[in-house]
Every structure is written in C-alpha cells, then in structure tokens.
Amino acid sequence: MKLAAWNVNSLKVRLPHLLDWLADQQPDVVCLQETKLEDHNFPQADLEAAGYQVAFAGQKTYNGVALLSRHPLSDVVRGNPHYDDPQKRLVAATVAAPSGPLRMVCAYFPNGQEVGSDKYAYKLAWLAALETWLKEELAAHPRLALAGDFNIAPDDRDVHNPAAWAGKILCSEPERAAFQRLLGLGLADSFRLFDQPEKTFSWWDYRMLGFQKNQGLRIDHILLSAPLAAHCTASLVDKAPRKRERPSDHAPVLAEITE
DNA sequence: ATGGTGGGCTTCCCA
C-alpha cells in the first residue's frame with residue numbers, strides 16, 4: 001500500500017503533473033490540498049479514467065481538498081463536525097484496502113500567515129478542533145492515517161535555516177506543540193520512522209530560488225496510527241515533480257505500508 | 001526591514 005499527500009496549488013493547473021505522477025508512482029491513496037476548485041469543476045472523469053475513486057470538498061480560489069483511491073471509498077466526511085468552517089480543509093473516508101479498512105483523513109492545515117495575527121488565532125483554534133475530532137476518529141478507526149499539508153515544520157531538522165525561522169510562522173512553539181499533541185493521540189510521523197537524508201524538505205518558496213538552493217521546510221506529513229506504523233516500510237519526499245516546469249511549490253510525500 | 005514568485009472570477013488576497 002502506497003499512501004501519498006501532495007499540495008498541488010491549483011488542481012486545474014497541475015492536473016497534467018498529477019496524472020503523470022499517478023502513472024509513475026501508482027499510489028493506492030492520494031490526499032490533495034489546495035485544489036482551488038469548486039466541486040462542479042473537479043476533474044472526476046480524468047481521475048476515474050486513471051483508476052481512482054474520488055472524494056472532495058472544494059471552493060473557489062482558495063483551499064480545497066480531495067482523496068483519490070484505487071480501492072473503494074466509503075463513509076466520506078467533509079469538514080470537522082466539531083468546527084464549522086467555511087474554508088474547505090478536510091475530507092475523510094474509509095478505504096477498502098486489501099489488508100482491511102483504512103481510515104484516511106486528508107487535511108490542509110491553515111497557514112497562519114504571521115504569529116499573533118487573526119489567521120494565526122484561527123490556525124490554533126482549528127488545530128484544537130482537529131485534535132478533538134481525531135480522538136474520536138481514532139477510537140472508531142484503529143487503522144487511521146492523517147496526511148496532507150500541515151503548515152508546521154515539527155522540528156529544527158525540518159527547517160533549512162532554523163535560526164532565521166525560530167519562533168516564526170510554521171515553526172512557532174504553539175504550532176509545534178499542537179503537532180506533538182497529534183502524535184500524543186497515538187500517531188507517528190512516518191518520515192521519522194526511518195533514517196533520512198539531512199535537509200529533506202517538502203516545500204520551497206517560489207521566490208529567491210528557494211528550490212534551487214534547497215531553502216525549504218518539511219511541512220507535508222503522513223501520520224500513521226500504531227497498527228499502520230508497525231507495518232510501514234518506507235517514507236519519503238519525491239522531489240521529481242518539483243523539478244518540472246511550472247511546478248507546485250510543494251513536493252509529494254509518500255509512505256509505504258506492507259499488506 | 002524588504003522583497004522576491006505564483007495562482008486566482010486579480011488591480012489585491014493568500015501562500
């Protein structure tokens with residue numbers, strides 16, 4: 001089983017990249033963020049033709065998430081039942097994986113813009129509500145994965161220049177504490193289950209030649225509940241799509257789980 | 001401290 005998460009920064013623009021990447025990698029489940037499409041514009045036929053069932057929650061201009069699965073999807077939930085949010089950031093579904101049902105939660109965490117701003121307060125409130133909901137989801141679904149753009153670099157290892165980013169948005173202590181609370185629910189950061197190359201990131205600013213200089217952050221994650229983490233055999237960032245022309249500013253992340 | 005780039009119902013907002 002190959003699970004993936006990718007912030008595509010406009011599915012309309014990135015659909016060709018996504019279709020190429022699906023053909024290359026053949027992931028079983030993919031969580032997409034920043035689709036920026038209303039539901040009636042979602043490219044369902046193209047993705048079904050590529051072999052994927054889809055579930056999505058989108059809106060115009062901003063946000064938008066989608067789940068793709070080669071196995072049947074059921075029990076789709078859009079948004080957090082504990083947090084009435086006009087911003088489309090969450091979609092969850094149960095995947096009928098060969099090894100048994102897998103609860104997949106696709107998330108686009110708020111960016112927060114700047115520590116102390118209104119958007120930062122929203123981010124922290126959203127994180128608290130996510131924790132409340134996930135506790136219930138985990139109780140109901142022991143085999144659960146939370147994947148997406150967390151907009152949190154959990155550790156200084158996940159930051160190209162920790163001194164410059166210290167206390168800043170995506171790296172602040174309250175954000176990192178919220179990430180640790182998610183782990184405290186019984187989730188593991190799949191990437192850190194393995195030895196990893198230093199300076200592995202998943203997002204690079206379009207500006208200042210960020211990618212060329214590898215000035216990035218690791219903010220896209222796949223968290224696994226214990227029964228899944230126990231069977232995880234690999235977790236990595238696939239930088240290849242970020243090297244293409246007109247790329248998303250994020251690279252896809254992957255986790256493999258033995259059947 | 002600023003600004004660089006990119007996407008979007010664009011002349012600003014969000015990342």
Side-chain angles (χ1 to χ4, degrees), chain A residues 5-21 31-43 46-47 56-66 79 83 85-91 106-127 130 147-154 158-172 174-176 178-179 201-221 237 239-253:
Chain A
W6 193 5
N7 181 325
V8 291
N9 186 20
S10 169
L11 184 52
K12 183 182 168 190
V13 171
R14 231 65 68 191
L15 182 62
H17 284 200
L18 175 63
L19 292 172
D20 289 347
W21 187 76
C31 298
L32 300 177
Q33 298 82 45
E34 286 206 88
T35 55
K36 300 185 178 180
L37 288 174
E38 289 181 287
D39 289 348
H40 67 267
N41 290 325
F42 192 85
D46 296 283
L47 292 164
F56 44 86
Q59 67 186 98
K60 190 167 55 172
T61 311
Y62 304 119
N63 309 310
V65 285
Y83 191 80
D85 189 354
Q87 302 189 27
K88 305 299 187 190
R89 297 182 174 278
L90 288 168
V91 61
C106 169
Y108 176 46
F109 289 40
N111 172 284
Q113 196 160 64
E114 189 182 353
V115 173
S117 67
D118 288 350
K119 290 192 176 69
Y120 185 72
Y122 161 66
K123 182 176 194 173
L124 296 183
W126 189 96
L127 283 162
L130 176 68
D149 177 0
F150 285 54
N151 271 312
I152 299 173
D158 304 313
V159 181
H160 69 92
N161 184 346
W165 281 85
K168 298 266 176 33
I169 198 66
L170 315 182
C171 301
S172 72
E175 293 168 83
R176 286 180 168 177
F179 186 89
F201 308 123
S202 66
W203 168 83
W204 302 260
D205 201 305
Y206 284 123
R207 299 166 286 190
M208 309 281 286
L209 300 172
F211 184 67
Q212 290 87 331
K213 298 190 216 165
N214 197 32
Q215 294 180 346
L217 302 178
R218 192 177 69 91
I219 56 176
D220 301 272
H221 309 295
V237 179
K239 284 175 77 167
R242 187 65 174 80
K243 297 173 182 170
R244 295 188 58 174
E245 268 192 57
R246 211 180 177 192
S248 168
D249 46 351
H250 296 252
V253 296

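Lettering of chains follows the sequences in order, A, B, ..., and the numbering in each one begins at 1.
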**Message:** Does the protein touch nucleotides 10-15 of chain B at the base, only the backbone, or not at all? Give it as B, S and - per nucleotide, heavy atoms under 4.0 Å.
**Reply:** ---BSB

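A side-chain N or O of A/His160 and one of A/Trp165 form a donor-acceptor pair less than 3.5 Å apart. For A/Trp204 and A/Asp249, the side-chain atoms include no donor-acceptor pair closer than 3.5 Å. In the model, A/Asn9 has a side-chain atom that pairs as donor or acceptor with a side-chain atom of A/Tyr206 under 3.5 Å.
With rounding to the nearest 0.5 angstrom, the OH atom of A/Tyr108 is 10.0 Å from the CG atom of A/Asp220.
Distance A/Arg246 CZ to B/dG7 C1': 8 Å, rounded to the nearest Å. Atom-to-atom, NZ of A/Lys60 to C1' of B/dG7 comes out at 15 Å; the value is rounded to the nearest Å. Spacing between atom CD of A/Gln212 and atom C1' of B/dG4 amounts to 13 Å, rounded to whole angstrom units. In this structure, the CG atom of A/Asn41 is 18 Å from the P atom of B/dG7, given to the nearest Å. When the P atom of B/dG8 is taken as reference, atom CD of A/Glu38 falls 13 Å away, rounded to whole Å.
Rounded to whole Å, the C1' atom of B/dT10 lies 15 Å from the corresponding atom of B/dT5. Atom C1' of B/dA15 sits at a distance of 15 Å from the matching atom of B/dG3, rounded to the whole Å. When the P atom is used for both B/dT2 and B/dG6, the distance is 23 Å, rounded to whole Å. Rounded to a whole angstrom, the distance from the C1' atom of B/dC9 to that of B/dC14 is 15 Å.
Residues that satisfy the ring pair (Phe, Tyr, Trp, His ring centres under 6.0 Å) test with A/Phe56, not counting sequence neighbours, are A/Phe42.
A donor-acceptor pair under 3.5 Å is absent between the side-chain atoms of A/Trp21 and the main chain of A/Pro241, judged by distance alone.
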